[in-house]
> 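Take this structure, written in structure tokens, and hold onto it; I'll ask about it next.
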There are 2 protein chains.
Amino acid sequence: MGSLEEAIKQKEFKDPYNKLVVNLLFTHSYMVSAQNGILKPFDLSPEQYNVLRILRGQNGVPTTVSSIQDRMLNKMSNASRLVDKLKAKELVERRECPSDRRQVDILITEKGLQILNDLHIHMEGFNNQVINLSEEEVILMNNLLDKLRG
Amino acid sequence: MGSLEEAIKQKEFKDPYNKLVVNLLFTHSYMVSAQNGILKPFDLSPEQYNVLRILRGQNGVPTTVSSIQDRMLNKMSNASRLVDKLKAKELVERRECPSDRRQVDILITEKGLQILNDLHIHMEGFNNQVINLSEEEVILMNNLLDKLRG
DNA sequence: TGATGTTAAATGTATATACACGTATTAGTG
DNA sequence: CACTAATACGTGTATATACATTTAACATCA
């Protein structure tokens with residue numbers, strides 16, 4: 001793959017900030033494509049996978065749709081319809097919340113936990129094959145990304 | 001915004017690689033949202049904006065649709081329809097290529113160049129407001145992103 | 001209490017995307 | 001030249017996304 005300039009056949013960027021914007025968009029596409037390759041046989045989109053992991057992290061404590069929305073990676077996407085999709089595949093369960101009937105409690109099912117389990121080994125390999133960085137570099141990059149957002 | 005863990009209300013990640021995947025997805029969403037805020041009044045999507053910049057970089061030399069496709073940030077999107085949209089807004093021009101009638105030459109119009117010019121000042125501010133990093137950190141991050149992809 | 005406002009979730013809708021497939025043109029080969 | 005393969009671009013289609021609007025339930029306070 002090499003440098004970004006090579007990958008998208010651009011001679012040079014006006015300044016490093018401009019390059020960073022393009023670089024993040026491009027690297028995102030690179031990672032999502034790779035992730036899709038793993039998730040597709042399991043019929044999951046990246047955000048669906050993410051929501052399942054959020055629910056697993058709850059350790060059986062129900063979560064509302066709006067709480068899922070808050071924690072989703074893409075703030076603009078639609079948690080309600082996404083949960084619908086997961087429910088159709090029987091990976092999550094919905095329960096009307098007794099204390100507030102506007103809310104809906106969402107729980108991951110056994111089948112949902114199983115699919116995450118089946119995915120685990122593939123995702124481990126993903127890290128090694130797709131992210132060509134040492135652990136120190138990964139930590140550094142995480143710090144830079146956190147700082148970037150202010 | 002602070003750390004990723006805080007932003008998506010996750011206690012901790014299994015390992016830094018896992019965090020990096022999530023961090024890139026999340027930061028991407030953060031940047032695209034901000035970029036959209038600038039581009040929306042101009043009725044452009046981020047990838048449309050990118051294609052206009054590719055065409056401007058050609059300095060009047062026509063480019064084919066497949067060359068645009070190769071240089072797009074999202075490799076899976078559809079250059080043909082995207083060019084259609086830009087043509088409908090009169091920001092690009094299409095010409096049948098005389099030497100190979102399969103190909104279509106694409107050129108940016110005066111109106112397209114003008115819109116990029118109008119956008120320029122907004123995008124300058126974008127860098128300062130949205131990317132909270134020093135120039136040294138930006139350069140470091142670019143190098144890490146280039147290395148990440150191998 | 002009831003009028004008003006606020007929140008949670010669902011829905012409507014236009015557009016974007018992923019990916020397979022179709023069609024026309026050129027290249028290559030016996 | 002005829003035949004096959006490769007290429008460039010367009011189109012079809014199911015799904016995803018962005019964003020506005022709607023509906024129902026709850027909260028507040030005169």
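As the structure is a computational prediction, the values presented were derived from the model and not from experiment. The analysis underlying the following values was restricted to heavy atoms, covering all of them including side chains, and did not include hydrogens, waters or symmetry mates. Just so it is clear: chains get the letters A, B, ... in the order the sequence lines come, proteins before strands, and each one is counted from 1.
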> Identify which nucleotide among D:dA16, C:dG12, C:dC19 has an atom closest to any side-chain atom of A:K40, counting heavy atoms from C-beta outward.
C:dC19
> I'd like to know if A:N78 reaches the base of C:dT11 with its side chain, counting only an N/O donor and acceptor under 3.5 Å.
yes
> Would you mind telling me which of D:dC19, D:dA8, D:dA25 lies closest to the side-chain atoms of A:R81?
D:dC19
> Under a 4.0 Å N-O cut-off, is there an ion pair linking A:E5 with A:K11?
no
> Would you say a side-chain N or O of A:S66 is under 4.0 Å from OP1 or OP2 of C:dA9?
yes
> Of the options D:dC9, C:dA9, D:dC26, whose atoms approach the side-chain atoms of A:R101 most closely?
D:dC26
> State which residues pass ring pair (Phe, Tyr, Trp, His ring centres under 6.0 Å) with A:F13; sequence neighbours excluded, sorted by chain then number.
none
> Would you call B:K19 and A:D146 a salt bridge, using N to O less than 4.0 angstrom?
yes
> With a 4.0 Å heavy-atom cut-off, tell me which residues in residues 85-93 of chain A come close to DNA chain C, sorted by residue number.
none
> Counting only side-chain heavy atoms from C-beta out, which of C:dA9, D:dA8, D:dA16 sits nearest to A:V65?
C:dA9
> Give one of base, sugar-phosphate or nothing for B:E96, where a contact means two heavy atoms less than 4.0 Å apart.
nothing
> Could you list by number each residue of residues 56-63 of chain A showing a heavy-atom separation from DNA chain C of less than 4.0 Å, or answer none if no residue does?
none
> Any donor-acceptor pair under 3.5 Å between the side chain of B:R102 and the base of D:dT7?
yes
> Hey, does B:K89 have a side-chain heavy atom less than 4.5 Å from the side chain of B:L44?
yes
> Looking only at heavy atoms, what is the nearest atom pair of B:L116 and B:R53, with distance?
CD2-CG, 4.0 Å
> Kindly write out the residues that satisfy salt bridge (Lys or Arg N to Asp or Glu O under 4.0 Å) with A:R95, not counting sequence neighbours, or none if the list is empty.
A:E93
> For a quick test of your reading: what N or O donor-acceptor pairs under 3.5 Å do the side chains of residues 56-65 of chain A make, sequence neighbours left out?
| unit_1 | atom_1 | unit_2 | atom_2 | d |
| --- | --- | --- | --- | --- |
| A:Q58 | OE1 | A:R71 | NH1 | 3.0 |
| A:Q58 | NE2 | A:V61 | O | 3.4 |
| A:Q58 | NE2 | A:T63 | OG1 | 3.4 |
| A:T64 | OG1 | A:S66 | OG | 3.4 |
| A:T64 | OG1 | A:S67 | N | 3.2 |

> For residues 107-116 of chain A, pull every pair meeting side chain to side chain donor-acceptor pair (under 3.5 Å), keeping only residues two or more places apart or in separate chains.
A:Q114-A:D118
> Should A:D43 and A:K40 count as an ion pair when the cut-off is N to O under 4.0 Å?
no
> Heavy atoms only, 4.0 Å cut-off, all strands: where does B:S45 land among base, sugar-phosphate and nothing?
nothing
